[in-house]
Amino acid sequence: MEFEGAVHGQYEVDFTKKTIVKATGCVPEPHILTLSNLDLLSGRFPVTYFYFYGKPLVANFTSIVDSLIISLAKTLCHFFPFAGRIVQNQSTSEPEIICDNTGALVVEAHANIALQELNFYNLNQSLEGKLVSINHDFPLQIQVTCYTCGGISITFTFDHALGDASAFGKFLVTWSEIATNKDISCLPDHRRYLRARVPPTYDPWVDQSFVSCTLEDIINMPSTNISLKRLYHIDVSSINRLQRLACTDGSKRTKIEAFSAYVWKVMVQAIDDSHQHCKMGWLIDGRTRMCKDQNSMSNYIGNVLSLAFGEASMVELKQGSLTDVAKIVHDAISRVTNRAHFLDLIDWIECHRPGLMLSKVVLGRAGPALVVSSGRRFPVAEIDFGFGSPVLGTVCSTIERIGVGYINQRPSARGDGSWTVSAILWPELAAALESDSDRVFQPMTANHLPF
């Protein structure tokens with residue numbers, strides 16, 4: 001299927017320079033940072049955030065890259081683990097961060113098309129091997145790409161052991177603040193102090209949802225057809241309409257709960273009739289749930305994520321109203337948005353160490369499933385390095401094998417309440433979402449961006 005904005009002709013990217021950027025300034029002494037229990041739940045997946053900028057009003061590409069490198073070196077002083085190496089401890093068989101200022105990798109590149117000609121919808125075509133290049137020796141790598149129109153894209157790829165979306169958002173905001181000579185708003189906390197209780201104890205439900213695994217298990221998980229990486233625009237009018245429909249019984253449902261209910265109802269059209277049930281999951285940030293003071297962990301750098309899962313029968317999802325399904329969503333999320341859940345999860349991980357841990361659903365061991373991630377607080381327009389705010393900012397993963405579909409929501413750079421949604425889907429689900437008569441999922445084109 002072709003959409004406006006697809007590239008006509010050969011789209012190529014020429015890689016011109018690589019630079020290793022080390023922290024400068026008040027550099028800490030080299031040390032080893034032991035991962036917390038929740039870090040072991042990250043799966044070591046690479047996570048890529050990509051931002052696109054229209055033609056800068058000042059400076060040329062070389063001077064822009066030079067200024068980015070200077071400000072990155074200063075930022076790494078505050079986020080020193082991001083300039084380290086992640087290696088496996090031979091005694092514990094678990095990864096740890098060697099904070100030795102090995103540095104972050106910056107790649108410079110030139111694309112042979114104008115930014116507006118990029119296929120923003122088909123991320124398989126646009127990103128992999130072109131705008132995202134992976135070197136496993138560097139937990140943090142950045143690619144800065146110039147387009148024929150003068151526009152720029154910056155992709156930031158992190159090893160998930162460094163942190164989660166909240167941690168990466170703090171890093172990007174701090175870098176942009178340093179680049180624009182502002183006072184930094186975050187004093188990062190790298191202590192990774194989330195440890196198990198003594199003795200560890202947990203509710204048996206954790207055994208039903210999570211499993212101990214190795215990095216090889218993750219890399220070699222069974223092949224699936226969940227391979228389409230797509231980008232969509234969700235108009236604010238669709239978001240508001242779904243929320244109204246989800247609240248018709250007088251209940252209060254969030255926008256992401258209403259959106260999830262809509263996607264779940266569409267999802268049943270894309271699942272084989274041999275399945276009687278299907279699952280949906282939601283990534284939950286525990287920072288505001290772990291402590292009485294909801295702001296006490298706001299600058300914690302690391303992983304503080306869990307997964308909530310809901311399960312429903314195909315009949316329930318097909319016959320139930322959006323209000324009915326939104327209640328299933330709300331109840332599933334509510335079960336894990338509390339301190340007890342995260343303490344149980346930390347203790348369960350302690351009892352199953354050494355090794356990595358992962359949700360059974362993410363490993364593809366629980367039937368058809370889709371995970372939704374809400375990034376409504378993730379910075380987009382704020383990521384200004386001195387040459388203007390981005391016209392697009394979102395997230396994707398370069399992982400080749402995955403056991404579950406993913407949908408990641410971010411605020412649109414338009415600032416009007418609309419969303420940018422990146423997704424990893426199987427073909428039938430992509431077709432169902434795009435062909436639905438409500439037209440909620442609009443394949444992303446340059447026309448959706450505030451150029």
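Residue numbers start at 1 and run along the sequence shown.
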Determine the sole option in Val304, Leu307, Thr337, Leu305 for which the side chain to side chain contact (heavy atoms under 4.5 Å, CB included) test with Ile284 is passed.
Thr337
salt_bridge([X], [Y]) N-O dist < 4.0 Å:
{"X": "Arg85", "Y": "Asp137", "value": "no"}
{"X": "Asp285", "Y": "Arg377", "value": "no"}
{"X": "Arg197", "Y": "Asp344", "value": "yes"}
{"X": "Asp331", "Y": "Lys327", "value": "yes"}

side-chain hydrogen bond (donor to acceptor under 3.5 Å, both in side chains) against Trp264, all qualifying residues, sequence neighbours excluded
none
Counterpart residues, side-chain hydrogen bond (donor to acceptor under 3.5 Å, both in side chains), relative to Glu350 (two or more places apart):
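Result, side-chain hydrogen bond (donor to acceptor under 3.5 Å, both in side chains) vs Glu350: Asn37, Arg353.
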Please tell me if the side chains of Lys22 and Val27 come closer than 4.5 Å, counting only heavy atoms from C-beta onward.
no
Might you point out which heavy atoms bring Cys396 and Leu127 nearest each other, and give the distance in Å?
CB-CD1, 4.1 Å
Test of ring centre spacing under 6.0 Å for [X] and [Y]:
{"X": "Phe210", "Y": "Phe309", "result": "no"}
{"X": "Phe156", "Y": "Trp175", "result": "yes"}
{"X": "His78", "Y": "Phe171", "result": "no"}

Look at the rings of Phe441 and Phe259 and say which category their plane angle falls in: under 30° parallel, 30 to 60° tilted, over 60° perpendicular.
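Parallel.
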Taking the six-membered ring for Trp, are Trp205 and His341 parallel (under 30°), tilted (30 to 60°) or perpendicular (over 60°)?
parallel
Check the pair Thr48 / Thr157 against side chain to side chain donor-acceptor pair (under 3.5 Å), numbers first and verdict last.
CA-CA 4 Å; Thr48 297; Thr157 301; 2.8 Å; yes
